[in-house]
Amino acid sequence: MNNLPFSPAAERNKHPILDILRRVLPAQGRLLEIASGTGQHAAWFATALPGWQWQPSEAQAHSAPVIAAWAAEAGAHNVLPALTLDVLATPWPLPDTRYDAIYCANLLHIAPWPVCAALMEGAARHLTPDGLLITYGPYLEDGVPTSPGNQSFDASLRAQDPGWGLRRREDVAQVAQSAGLVQRERHAMPANNLLLVWGREP
Ligand SMILES: C[S@@+](CC[C@H](N)C(=O)[O-])C[C@H]1O[C@@H](n2cnc3c(N)ncnc32)[C@H](O)[C@@H]1O
């Protein structure tokens, strides 16, 4: 075990997320990760998906060396240096204009609601025509009882910041549609999370 900043949740969910990424993504391409956090996902997924060039990014500039250290520890040679990217920035400060996939885990509920529109609009600007946006995290859904765990998580988020909280999947889909993206797939994940795949409207 190293002494790098560590997210237990990222360690727990990396296997089930990777299972879906293997099914959803083609063999190769360029991927932009939004809100990379510690960089554990970047290190793990890039190692397991060697055909992909993985571009991590984070709003917090001080995360870049940690993300690089996790990638080095994993021996992931396909992880680029992390970019400092706040999705609320316009335009996004990116060297490449188009990505085959954009991946974003556990951001929408731990950020103000306008971040959702910024993510969808940025993804629509920076995805290739057939590119996919993949979001992962806990959501509320119409007609689906919210688990007690997600109910208390939602309450604790809102107590920390009234602008935070679990998002209704249907609200996210409406924002996505305004940006020109539609939900293509919905995968139920462990611990009452969802992995959603978004693409351009046909
Ligand atoms: C709960 S962590 C998730 C980290 C990682 N994706 C994971 O699943 O382990 C949320 C991350 O979102 C980042 N974040 C918050 N607001 C953001 C914004 N406006 N743009 C980009 N990243 C943001 C935070 O810095 C934090 O690293």
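Each ligand, and each atom within it, is numbered from 1 in the order the structure gives. Position 1 is the first residue of the sequence; numbering continues from there.
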Do any nitrogen or oxygen atoms of [X] come within less than 3.5 Å of a nitrogen or oxygen of ligand 1?
X	result
I110	no
E58	yes
A105	yes
S36	no
V87	yes

Q: Mark yes when over 12 heavy atoms from residues, nucleotides or ligands other than D19 sit less than 6.0 Å from its CG; otherwise mark no.
A: yes

Q. Should the heavy atoms of other residues, nucleotides or ligands under 6.0 Å from CD of Q151 be counted, would the total exceed 12?
A. yes

Q: Using atom types as modelled and distance alone, determine if a side-chain donor or acceptor of E58 lies under 3.5 Å from a backbone N or O of G37.
A: yes

For [atom], what is the nearest protein heavy atom, given as residue, atom name and distance?
atom	answer
atom 21 (C) of ligand 1	L85 O, 3.4 Å
atom 18 (C) of ligand 1	D86 OD1, 3.6 Å
atom 22 (N) of ligand 1	A59 CB, 3.5 Å
atom 4 (C) of ligand 1	A35 O, 3.5 Å

Please check if any side-chain donor atom of [X] sits under 3.5 Å from a side-chain acceptor atom of [Y], or the reverse.
X	Y	value
W198	T135	yes
E33	S36	yes
H109	D154	no

Provide the number and element of each atom of ligand 1 under 4.0 Å from a heavy atom of [X].
X	answer
N106	1 (C), 2 (S), 3 (C), 8 (O), 10 (C)
Q60	25 (O)
A10	9 (O)
H41	8 (O)

Q | Residue that, paired with L25, satisfies side chain to side chain contact (heavy atoms under 4.5 Å, CB included) out of L49, D100, V197 | A | L49

Q: Examine the proximity of ligand 1 to L107 and report which part, side chain or backbone, both or neither, has a heavy atom under 4.0 Å away.
A: side chain

Q: Examine the proximity of ligand 1 to Q40 and report which part, side chain or backbone, both or neither, has a heavy atom under 4.0 Å away.
A: neither

Q.
Just checking F45 against Y103, ring centres under 6.0 Å apart?
A. yes

Q: Could you go through the side chain to side chain contact (heavy atoms under 4.5 Å, CB included) check for D171 and W113 one step at a time?
A: CA-CA 10 Å; D171 290 341; W113 176 236; 3.9 Å; yes

Q) Would you call the rings of H126 and W92 parallel, tilted or perpendicular if under 30° counts as parallel and over 60° as perpendicular? A) parallel

